[in-house]
Structure formats: C-alpha cells, structure tokens
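No hydrogens, no waters, no symmetry mates; every other heavy atom, side chains included, goes into these values.
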Amino acid sequence: MGISSVPSFSKMRKLPCIFTLTLLLLCLTILLFTKTNTSSPLLFYSDVQTSNPITAPSLQTGAVSDGATIVSVTLNWELCRGWGAVDYIPCLDNFKVIRALKTRRHMERRERHCPEQSPRCLPPLPKGYKVPVPWPKSKDMAIKALKSRRHMEHRERYCPQPSPRCLEPLPKGYKVPVPWPESRDMIWYDNVPHPKLVEYKKDQNWVKKSDDYLIFPGGGTQFKEGVNHYTDFIEKTLPVIEWGRHVRVVLDVGCGVASFGGYLLDRNVITMSFAPKDEHEAQIQFALERGIPATLSVIGTQRLTFPDNAYDLIHCARCRVHWDADGGKPLLELNRILRPGGFFIWSATPVYRDDDRDKRVWKSMVALTRSMCWDVVAKTVDSTGIGLVIYRKPISFVRYFKRKENKPPICGPKDKKNSSWYVPLSSCVTLPPRSSWPLPWPNRLTSKPPSLATNPEAEEMFYKDTIHWSALVSDAYANNAAINWSSVRNVMDMNAGYGGFAAALTDQLLWVMNVVPVHVPDTLSVIFDRGLIGIYHDWCESLNTYPRTYDLLHSSFLFENLSQRCDMIDVVVEMDRILRPGGYLVVQDTMEMINKMRPILHSLHWSTAVHKDQFLFGKKGFWRPGRGSSKS
C-alpha cells in the first residue's frame, strides 16, 4: 500500500505547478489583449517633470480593462421627450413647479430651487417598467409650496427629484460648431434653431438669419453704431476705465446675445454675460454657441453665485432689472459683488429721457445710490442719442459710518462673506474690505491676489500652485495630449482651486469657466483677483447651462469627496449633457474614482484611456440612444 501511494503523491505534487502555469498563461493572454493598440492613440503624461512625449494606452470603448480586472456595467439610456427636450436644463425646466407659482414679480421662476437629493438622469429601468417617467418631475413639497412669482421665482432653480434620467437628443441637422474667432459673428442655425429672436430684434442688429447661419452684426438696443463704438464711447467718457489693463473682469447683466462681452475680448477684457432662461429665447445659448463666456442666472430672490467684491465693472444696457425694487435689493446685490472702486454702467431710458415714468425711476435711483455712497463719475449722451451714467463704489468703508441715516443698514455677522449658494438677497450694505485694487492686467494674473490670506504659507502655496499648473499644462496638456486645441473654445474647470489651470491657458484662443464647488475651501475671490471668471456650484445638482455648451471639461481630484455626497452616475450624465459631441474630458483622480467613472462613460459610448493610474482622458461622440431604451 505504501509503494502504490508514491505515484499518487507524485501526481498530487504536479497539480500546483500545472495550475500555476495555467494561471500565468491566462494572465499573459489578458495582458496581450488589453495592450492592443487602436488606430487613434492619445499622448499622455505622468507628472509636472515630464518633458518628453509619452505614448498612452489606446482609447477603448465597451467594457473597461486595466490589465487584470475587467469591469462592466449595464445601463438603460433613453432620450428625453417632450417640448424643448434638446435644450433641457433639469433645474430650470421643472414646469410642474413653475406652473404652481402664483406670481412672477421677483423672478422666482428663474432661480435655483433644488431638492436635498440630486437630480438623476438616465437610471436603469425597474423590472416590468412600461411607461416612461415624465420629465421633469419634482417631489419636493417645499418647492411646490412657493406662493409667489413677484420676484422672478419662476426663473429660479427647481431641481426635480428624482432627476429625469434621459439623454437630450441632438437638434436635427446638428453640426460641429463653427470655430473661434469666426463663431463670434456666425453660428450654424441648426445647432440653435430659434428664429423668434431674429424677428423680434430685426431692427436692432442683434441677430439675423442668412442661409444655414445665424449672423451677429454686433449691434444691440443700445449699440446703434455697433459695440466697438459703444465701448470706445465709454472709455472716452471715463478714461480711467482703461479696458484690458485697469478693468479686466466685467459682468454684463441681461446681456442679450452677449455681443458686448464678445467684442470686449479683443481688448483683453473677460466678461461674464448672464440672463434668465428664455427671457429672449435662448440668448445665453446663442452666446455660448458663439464661444462667449455666459451663464444662466437671474436677480430674483437669491444671491448670484459669485463672491463678494469680485467684478471690476458691471454693465446694464436696458437689462430690464428694476434696481430699486423691494427696497433696492437688486442693486444691493450688485454692491456686494462689485469690487471697491469698481464701476457700474447703466444705459437705460431713465438716464436720458424725460417722460414721467423715466423721471420717477431716475429719482428713485438717485436716492438709492446716494444711500449706498455710490458716486456719479459720469453722465452723458452719445451721438446716437443713447445715454449712460457711470457710478463708482467707494474704496473705503469709512463713508458708510458717516451717513446721516443708517439706511440701508450695514450687513452684520449673519451675512457671511462670499455666502451665495441658496442664500436670499439681503437688504443691507456689504462693507468694502481693506484691500487694494489688483495690479494691471496681465501682471495681476501671476501676482499675489489681494484677497489671499496674509499668512506666508498661503502665499507660498499660491505660487507653488501657479508653477505646478504652468509646467503641467505646458509640458503635458498642450503639447502631449492628442486634443485638437483649435476646436476647443469653451472650457470648464470643475474644481478650479486657485485657477492655475485657467491661468496656464491664457495664451490659447479659449476661455475657462472656473467652478469652485461649494463643499471645498473657497478660492473664488482669488480667481477673480487674478483676472479670471468663475462661479460656485454643487456638482450633485444640474448646472445652469444649456446642453452641448462646453468643448472641454477638466477636474483635478474632485470626485473622491463628491462621491460621498452623490451618485457618480448623476455627475457623469450631467457632464455628458453639457459637453459638446466631439468634446474632451480630462480628469486627474484616484484609480478608485476612475474605475467608477470609466464604465459609465463607456455605456454612453465615450472613448477613454487611463495613464499612470491617475489620469483619465475621454472623448464624447455623437451617439444618442434610439427612441426606445438602449442598453449599454
């Protein structure tokens, strides 16, 4: 029995060797398949020390493979349905809630009213599900309880809960957008097929239709001889404005099709243009399709999503805002976001007409601006008969304590600095800080920002951040990444920090919307001090912009923290909504986050590649699901 057991024992000892050899062959086979190159490789990079081009893995679609573990997901995608589906904005198109409002006086309908749970687009359908969930649908009873539209509540945010999970269809005949700078003056009509504004403003040179294009002649209600004539007139009226050196960051309220901001780009001025959705039928969509910085917003019942003391100049040309309404809250909001020593240009009929209504408005405006200690530094009329007044905000807070009457009152401790995310408008005056005007452009871009913390550690961190992004963008993004930068105009940095990514791209023919998420340390004041623009946002909610408005989305270590607050599917689908077909995604994050994001992108038929276990690159295609659900 002992002799017969020897061969059996020998066979048993061979089994582990055979098993190990089989496992090694299997791993080698998987490795060979996953390393196979495709015909369109990307060039990537590892870190800021990289100086030579690095060949990255190929773009892959379908299941995600990273050499050892294969991860796949099955998701059911549907097209959004109903009127306006191609331009659907979840938090601004919640018509069920908007219809329940009883007044529109204070623009409540155009403000943000999001539920605690993020809106979710494109969920897998439950077993046995037959009838598509109608969109947009909200279960937020607090929002439904709104009783007023007096303050434009119907233009504010009402995010549906749960979010409609559907993909916006492409407009019929959609094409790759016209590149900049040609796009400033002409865009494809099929990309933004809204003809009403052409007819409504045909006598004011806003926009015209010519064959397959919409043409923007550079006119406007107040720009009878064109924007360049108008901006020249402003600078001649008040030379200290000095476009592009002293005044760099501008806010255009009720911007129309944003020609004012579009032409100021030639003078090294970056303008944030904003207006409510559909007030003039897709005017902000026109602006973004043209490649001009813009966002959807309204001065209603809530603060604008900008920090205190941000803008060098604010402009309003017949912007249809009643500045003296509700105790002057709209103008007090401008006072909050206007830099000390900054200018407010108001071009409207009360400035230069003498009918009874205009006289009443002007008288009210005089009283309000005096109570806010604003100075009239110029008031004039140009050769076309259009007039304007230029106000200046005080530099020192001392003047506010010398007023005969403390009305409006000075803001107290409860009005926290830079607090503007779902914060009601206040009826108090925000005191200017003890800080100086930034250096002239372009020196302000790399100099110490006035709002930066005074401790040496903060200054050292700022300069290190600037050097880091300058090297990373120069050595890696601009030179090595296979991104067609000539097709990139509208860029969004989803987690902007000090704005280093945007600062490193200022020599490119593009602009960057810097987003500071509300759950991270607040650096947006620094971004504005540098001569850049940005907004606050919570990425667990839908962004106030139209579909297909950005060419490139960038983020750096955003998602690890974000995934603890909301579903990654929600965030990825929102990225798909706002990115144009053919647009790019650049993400630096942990492999845990990349592995969660990548299969969702593949289910949307994006191409992706990962490099050095920290960089995810993606490119969105033109794919949309069919009219029924589409499994991916």
Should R339 and D312 count as an ion pair when the cut-off is N to O under 4.0 Å?
-> yes
Could you tell me whether the side chain of F274 reaches within less than 4.5 Å of the side chain of L296, counting heavy atoms only?
-> no
Above 12 or not: heavy atoms from other molecules or residues under 6.0 Å from NZ of K407?
-> no
Is the count of non-hydrogen atoms from other residues, nucleotides or ligands lying under 6.0 Å from H322 atom NE2 greater than 12?
-> no
Indicate, with yes or no, if the rings of Y213 and W188 have centres closer together than 6.0 Å.
-> yes
So with a 6.0 Å cut-off around CZ of R370, is the heavy-atom count from everything else above 12?
-> no
Mind telling me whether F501 and H554 have parallel, tilted or perpendicular rings, with 30° and 60° as the class edges?
-> parallel
Which word best sums up how the rings of H315 and F260 line up, parallel for under 30°, tilted for 30 to 60°, or perpendicular for over 60°?
-> parallel
Contact check, side chains of C411 and R336, non-hydrogen atoms, under 4.5 Å | no
Hey, does L532 have a side-chain heavy atom less than 4.5 Å from the side chain of I270?
-> no
Given L543, L552, N514, V512, the one that forms side chain to side chain contact (heavy atoms under 4.5 Å, CB included) with M492 | L543
Any salt bridge between D93 and K277, counting N to O under 4.0 Å?
-> yes
Would you indicate whether the side-chain heavy atoms of I578 and L553 approach each other to under 4.5 Å?
-> yes
Contact check, side chains of R303 and S426, non-hydrogen atoms, under 4.5 Å | yes
Name the orientation class of the two ring planes belonging to F344 and Y391 (parallel below 30°, tilted from 30 to 60°, perpendicular beyond 60°).
-> parallel
Would you indicate whether the side-chain heavy atoms of L368 and W374 approach each other to under 4.5 Å?
-> no
Above 12 or not: heavy atoms from other molecules or residues under 6.0 Å from NZ of K363?
-> no
Under the disulfide bond (SG atoms under 2.5 Å apart) criterion, do C80 and C166 qualify, and how do the steps go?
-> CA-CA 5 Å; C80 299; C166 57; 2.0 Å; yes
Run the side chain to side chain donor-acceptor pair (under 3.5 Å) check on D252 and T271 step by step: do they pass?
-> CA-CA 7 Å; D252 190 16; T271 303; over 6 Å; no
Does S371 reach the main-chain N or O of P408 with its side chain, forming a donor-acceptor pair under 3.5 Å?
-> no
Would you check if F286 and H194 make a side-chain contact, meaning some heavy-atom pair closer than 4.5 Å?
-> yes
Approximate separation, where rounding is to 0.5 Å, of L313 CG and L338 CG | 7.5 Å
Could you grab the distance from atom CG of D326 to atom CG of L332, nearest 0.5 Å is fine?
-> 10.0 Å
